[in-house]
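Note sheet for the following structure.
In this text the structure is predicted, and so the values were computed from the model without any measurement. Per chain, numbering begins at 1; letters A, B, ... match sequence-line order.
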There are 2 protein chains.
Amino acid sequence: MRQVAPSTVRRLSLYLHFLETNSGEGEVTVSSGALGVAGGATSAQVRKDLSFFGSFGRRGVGYAVRDLAEHLRDILGLGRTFRVVLVGAGRLGAALAHSDRERGFAIVGVYDTDAARIGAELDGLAVRDAARLEADLAASPADIGVVGVPAAEAQGVADRLVRSGVRGLLNFAPLLLAVPPDVAVRNVNLTLELDGLAFALRGRSH
Amino acid sequence: MRQVAPSTVRRLSLYLHFLETNSGEGEVTVSSGALGVAGGATSAQVRKDLSFFGSFGRRGVGYAVRDLAEHLRDILGLGRTFRVVLVGAGRLGAALAHSDRERGFAIVGVYDTDAARIGAELDGLAVRDAARLEADLAASPADIGVVGVPAAEAQGVADRLVRSGVRGLLNFAPLLLAVPPDVAVRNVNLTLELDGLAFALRGRSH
DNA sequence: TATTGTGAAGTGGTTCACAGCT
DNA sequence: AGCTGTGAACCACTTCACAATA
């Protein structure tokens, strides 16, 4: 199978979210056009995205909602639970801990280096001393690590997570992490987004 | 001038961040190669990105750090202060309020519909009743609106912000907002990022 | 008639490679 | 010799267009 484009994965996730939030509404089938609206794509794009993994629709009819949702969860690998450790019990980390605990991402540990935070609770999880990270992960590995520490510490934390067997990182620090090629990184960078808006608004006054 | 690619803007922001955090270190010039490492790009890509806006370097030498940073701030439109209103005083909004207040993005208002939150303080800013949004924006416009409310309310909030003159939106809700073509939207979607990691980790166990 | 699945064409961003300065 | 600036080549994602099917 050819390499899947990152943009395709992003859209598949949007299609799935649409199917999941609109499934109770009676409609048994959806067209590629409707999915396109949800995913910010054309109908042709939707069909191409899906055809990459198989033929899930019926010509002249569309896609069966429940069936396609199931296929998308399977394609995205959402059939299992991912174990997530959170390093840096700041606000972004808290936002993550708060959301999405249901959808297959289980937060199994929250760590911080700040003594003031250690021992505190973050959404029902005790914040542990980051010094324990390696020992804890050796005893009970995780799939995904969330880097929620300041920029200066981010690469160090990433290195420790990767050495401890984590193979996916969600990075909130405003810089690019250097990781081995078999480790996946997704960045959430508020500075970047704000700069992007600034650029889009060039020359416009309020 | 041709349309600038979103990926180019993203990298320009990364180059700038690199220059700003490493400017005190004696080096007066940087090469496109060094900038490429910071921005996750090749040296050729860096030069193309910059050449799009002018010739800022010297052949055989490189780019003057201070000078290039200044140019990048100018290109990105960071020379002025952007007035930002935050709707939804949740954790992501709090994360935003906490960071970056220095770099040209001034939070001028925080709103929520939840009576329990109204009147509370978020990083020194009083949370106001979202019902006042239109009146406040009419009296004192904003450039950027942050949509930090649940998915079901997101489009409604976006509509109200756009009607009140906001021309840039930072959307934390896990869906695509429909906005007029002259309004810029950037999405921060944790669900999407986690799904992306799930896909990248397909078939791998811990 | 409605809508999918897909090869072919199109578009646009990235990489190459080298001329041009310092 | 070192490094930028840039046209040309390349590559990958998107759109088109239409045969296939309900």
List, one per line, each side-chain donor-acceptor pair under 3.5 Å for residues 170-181 of chain A, sequence neighbours excluded.
residue: A:N171; atom: OD1; partner: A:A173; partner atom: N; Å: 3.0
residue: A:N171; atom: ND2; partner: A:A173; partner atom: O; Å: 3.2
residue: A:N171; atom: ND2; partner: A:L175; partner atom: O; Å: 2.9
residue: A:N171; atom: ND2; partner: A:N187; partner atom: OD1; Å: 2.8

* Integer-rounded Å distance: C:dG20 P and B:R47 CZ -> 16 Å

* Structure fact -> Between CZ of B:F52 and P of D:dT6 the distance, given in whole Å, is 12 Å

* So, is A:S43 near the phosphate of C:dT4, with a side-chain N or O under 4.0 Å from OP1 or OP2? -> no

* Structure fact -> Separation of C:dA2 atom C1' from A:R58 atom CZ, nearest Å, is 13 Å

* Check whether any side-chain N or O of B:T42 sits under 4.0 Å from OP1 or OP2 of C:dT15, and answer yes or no. => yes

* Asked: Per the end-axis method with five pairs at each terminus, what is the bend angle of the helix from C:dT1-D:dA22 to C:dT22-D:dA1, to 10°?
  -> 0°

Between protein and nucleotides 7-9 of chain C, what N or O pairs are separated by less than 3.5 Å?
residue: C:dG7; atom: N7; partner: A:K48; partner atom: NZ; Å: 3.3
residue: C:dG7; atom: O6; partner: A:K48; partner atom: NZ; Å: 3.0

* Output all residues satisfying ring pair (Phe, Tyr, Trp, His ring centres under 6.0 Å) with B:F56, sequence neighbours left out; order by chain, then residue number. => B:H71

* Minimum-distance nucleotide to A:A44 side chain [options: C:dA19, D:dA17, D:dT6] -> D:dA17

* Figure out the CD/P separation between B:Q45 and C:dA17, and round it to whole Å. => 16 Å

* Asked: In chain order, what residues pass the salt bridge (Lys or Arg N to Asp or Glu O under 4.0 Å) check against B:R47, with sequence neighbours excluded?
  -> none

* Between C:dT6 (C1') and A:D49 (CG): distance, integer Å -> 13 Å

* Under 4.0 angstrom between A:R11 side-chain N/O and D:dT14 OP1 or OP2 -> yes

* Asked: Got a sec, which pairs hit side-chain hydrogen bond (donor to acceptor under 3.5 Å, both in side chains) with one end in residues 144-156 of chain A, sequence neighbours left out?
  -> A:Q155-A:D159

* Could you state the atom-to-atom distance from CZ of B:R59 to C1' of D:dC3 in whole Å? => 9 Å

* Asked: When you measure from every atom of DNA chain D, which of residues 61-73 of chain B have a heavy atom less than 4.0 Å away?
  -> B:V61, B:G62, B:Y63

* Output all residues satisfying ring pair (Phe, Tyr, Trp, His ring centres under 6.0 Å) with B:F199, sequence neighbours left out; order by chain, then residue number. => none

* Over how many whole Å does the gap from A:F53 atom CZ to C:dT4 atom P extend? -> 18 Å

* Structure fact -> For B:R58, the salt bridge (Lys or Arg N to Asp or Glu O under 4.0 Å) test, sequence neighbours excluded, returns none

* Phosphate oxygens OP1/OP2 of D:dC3: is one of them under 4.0 Å from a side-chain N or O of B:S32? -> no

* Structure fact -> Residue set satisfying salt bridge (Lys or Arg N to Asp or Glu O under 4.0 Å) with A:E70, at least two apart, ordered chain then number -> A:R73

Please tabulate, for the side chains in residues 61-68 of chain A, all donor-acceptor contacts under 3.5 angstrom to protein atoms that are two or more places apart in sequence or on a different chain.
none

* Structure fact -> Test side chain to side chain contact (heavy atoms under 4.5 Å, CB included), reference B:D49, set B:L72, B:I75, B:T8, output is B:T8

* Just how far, in rounded Å, is C1' of D:dC11 from CD of A:Q3? -> 14 Å

* Before accepting this row, confirm whether a basic side-chain N of the pair A:R167/A:D143 lies closer than 4.0 Å to the acidic partner's carboxylate O. => no

* Asked: Taking only residues two or more places apart in sequence or in another chain, which ones pass salt bridge (Lys or Arg N to Asp or Glu O under 4.0 Å) with A:R59?
  -> none

* Asked: So, is B:S31 near the phosphate of D:dG2, with a side-chain N or O under 4.0 Å from OP1 or OP2?
  -> no

* Evaluate side-chain contact (heavy atoms from CB on, under 4.5 Å) for A:V166 paired with A:V183, printing each intermediate quantity in order. => CA-CA 8 Å; A:V166 164; A:V183 175; 6.0 Å; no

